Amino acid sequence: MSVKWGVLGTANIARGCTIPGMKEADNCELYTIAGRDGAKAEKFKEEFGFAKAYTGYDKLLEDPDVQAVYIPLPNHLHKEWVIKALKAGKHVLCEKPLALSADDAREMFDFAAQNHVLLMEAYAYQHSPYIASLKEDVSSGIIGDVDYIETAFITQGYEEDIRLYKEMGGGAVYDLGCYCTTMISCLIDSEPEYVMAKAEFNDKGVDVFTAALMKFKNGVRASFNVGMILPPGSDDRMDRLYIHGSKGTIISAVEYNQAGDLSYTVTSEGKTILRQVKARQNYALEVEQMGRCIEKGEKPHVSSDFTMKNARLLDMVLKEIGY
């Protein structure tokens, strides 16, 4: 069985990441694509092999054969189109961040429940066996009790991009910080006690570099640095994960959302182990898991509870920096 998918938008992340993953997924039918620009939607149809293309998002939602919708629209449009899709009885996979606040996210999940459909936030990397391996090592106690986690995600700056506009939900926290907070949230089973954060803003009022420190109610501390500050036009980026425990550490430089042969080191009681993980394209894993949730009732890896926990943490960071 395959789920008939509609893609609501022709964004770069759809073209470069998610649609290639959908083509690789074994339970996904690339049924239809919609765009504000009909010619661009037709181009996507021909490029990727969709059965149909629509001019306008509403027409896709009116198609009774569409079972699930992937939404890669700019952040400020997520709430409107997620709710419309849910009301149309479609299951929804929406790009991260799902919403610009925890209150908005809660409202969106309420609509999903009312319409008896699934809503899942698209953090493709959370579906990777690399994350499963990290979580297994942490829960096994091999590094003892975790007391500190640090992660960073730094990319090149952007000369002109939707991520540079506040009214479109731009900025380093919304674009990059959500990766760091979800990484922290998936490893720490606790709510934050406090958050401290500072940011550098551009002339449009968008944070281009943010540093945050937080402590959780179980005593674990965490920090992250995110920024769009490296030389524009380069492919440079920096990803880092450091987990400290009472018996050892885990250190990783694996980039968020990477596939292939991945590795990280576990040091415990004087011995260092190189963990090696082979990961398929993360977006294919994400779409396949969403399909199993729809067809077989599997529990989402990125659950509503997880999204809400992370949304509350993001709210605290954004409040601290005055965004």
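The first residue of the sequence shown is numbered 1, and numbering continues consecutively from there. As the structure is a prediction and not an experimental result, all values here were calculated from the model.
- Counting heavy atoms from C-beta outward, Glu80 and Leu73 have side chains that stay 4.5 Å or more apart.
- For Tyr323, the ring-ring contact (aromatic ring centres under 6.0 Å, His included) criterion is met by Tyr174, not counting sequence neighbours.
- More than 12 heavy atoms of other residues, nucleotides or ligands shown are found within 6.0 angstrom of CD on Glu298.
- Summarising the local packing, CZ of Arg36 is surrounded by 12 or fewer heavy atoms from other residues, nucleotides or ligands at distances under 6.0 Å.
- A 6.0 Å sphere centred on CG of Asp189 holds no more than 12 heavy atoms belonging to other residues, nucleotides or ligands.
- Judged by distance alone, the side chains of Tyr256 and Thr151 do bring a donor and an acceptor atom under 3.5 Å apart.
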- Query: Would Glu95 and Thr18 satisfy side chain to side chain contact (heavy atoms under 4.5 Å, CB included), going step by step from the backbone distance to the final call?
  - Reply: CA-CA 10 Å; Glu95 264 310 321; Thr18 308; 3.9 Å; yes
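- Listed for the Glu121 side chain is no donor-acceptor partner under 3.5 Å among the backbone atoms of Ala99.
- Counting heavy atoms of neighbouring residues, nucleotides and ligands inside a 6.0 Å radius, atom CG of Asp235 does not exceed 12 of them.
- Under the 4.5 Å side-chain heavy-atom criterion for grouping Ile, Leu, Val, Met, Phe, Trp and Tyr, Val173 is connected to Ile162 within one hydrophobic cluster.
- Here the rule is salt bridge (charged side-chain N to carboxylate O under 4.0 Å, His left out) with Glu47, and of Lys40, Arg15, Lys23 only Arg15 fits it.
- Ring pair Phe50/Phe48 is perpendicular by interplanar angle, where above 60° counts as perpendicular and below 30° as parallel.
- When the side chain to side chain donor-acceptor pair (under 3.5 Å) test is applied to Thr210, the partners found at least two apart in sequence or on another chain are Asp207.
- Around the NZ atom of Lys43, the shell of radius 6.0 Å holds no more than 12 heavy atoms that belong to other residues, nucleotides or ligands.
- Residue Arg221 qualifies as open at atom CZ: its count of foreign heavy atoms under 6.0 Å is 12 or below.
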- Asn202/Leu164 under side chain to side chain contact (heavy atoms under 4.5 Å, CB included): CA gap, chis, key distance, verdict: CA-CA 8 Å; Asn202 68 5; Leu164 297 178; 4.2 Å; yes
- Give the C-alpha distance, both sets of side-chain angles, the deciding distance and a yes or no for salt bridge (charged side-chain N to carboxylate O under 4.0 Å, His left out) between Lys96 and Asp175. CA-CA 8 Å; Lys96 60 79 191 170; Asp175 189 50; 3.3 Å; yes
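- Follow the hydrophobic side-chain contacts under 4.5 Å out from Leu93 and you never reach Leu77; the two are in separate clusters.
- Residues Leu285 and Pro129 form a side-chain contact, since some pair of their non-hydrogen atoms from C-beta on lies under 4.5 Å apart.
- Between Leu213 and Met196 there is a side-chain heavy-atom pair separated by less than 4.5 Å.
- Taken together through direct or relayed side-chain contacts under 4.5 Å among Ile, Leu, Val, Met, Phe, Trp and Tyr, Leu60 and Val3 form parts of separate hydrophobic clusters.
- Between Tyr125 and Tyr179, the angle of the ring planes lies from 30° to 60°, which puts this pair in the tilted group.
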- Message: For a side chain to side chain contact (heavy atoms under 4.5 Å, CB included) check, start with the C-alpha distance between Glu200 and Val208, then their side-chain angles and the critical distance, and finish with the verdict.
- Response: CA-CA 6 Å; Glu200 174 190 336; Val208 292; 3.9 Å; yes
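- Linking Ile, Leu, Val, Met, Phe, Trp and Tyr whenever their side-chain heavy atoms come within less than 4.5 Å leaves Leu230 and Val226 in two separate clusters.
- Note on Arg280 versus Glu288: salt bridge recorded, some NZ/NE/NH1/NH2 to OD/OE distance being below 4.0 Å.
- Side-chain contact between Trp5 and Val287: present, with at least one pair of heavy atoms (C-beta onward) separated by less than 4.5 Å.
- In the hydrophobic clustering of ILVMFWY residues, with side-chain heavy atoms under 4.5 Å counting as a link, Leu313 and Tyr123 come out together.
- Electrostatic pairing of Asp110 and Arg106 counts as a salt bridge here, judged by a charged N lying under 4.0 Å from a carboxylate O.
- For the pair Val66/Lys4, no side-chain contact is recorded, criterion being any heavy-atom separation below 4.5 Å from C-beta on.
- Considering Ile251, Thr272, Ile273, Ile250 in turn, Thr272 is the only one that fulfils the side chain to side chain contact (heavy atoms under 4.5 Å, CB included) rule with Thr267.
- Using modelled atom types, one finds a donor on one side chain and an acceptor on the other under 3.5 Å when comparing Asp147 with His244.
- The number of heavy-atom neighbours closer than 6.0 Å to CG of Asn12, taken from other residues, nucleotides and ligands shown, is 12 or below.
- Two residues are said to be in side-chain contact when any heavy atoms from C-beta on lie closer than 4.5 Å; Leu61 and Trp81 meet this criterion.
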- For Arg237 and Phe153, what are the C-alpha separation, side-chain angles and deciding distance, and is it a side chain to side chain contact (heavy atoms under 4.5 Å, CB included)? CA-CA 7 Å; Arg237 59 183 278 182; Phe153 191 176; 3.2 Å; yes
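- Between the side chains of Thr181 and Asn310, at least one donor N or O sits under 3.5 Å from an acceptor N or O.
- The local environment of CG in Asp145 is sparse, with at most 12 non-hydrogen atoms from other residues, nucleotides or ligands closer than 6.0 Å.
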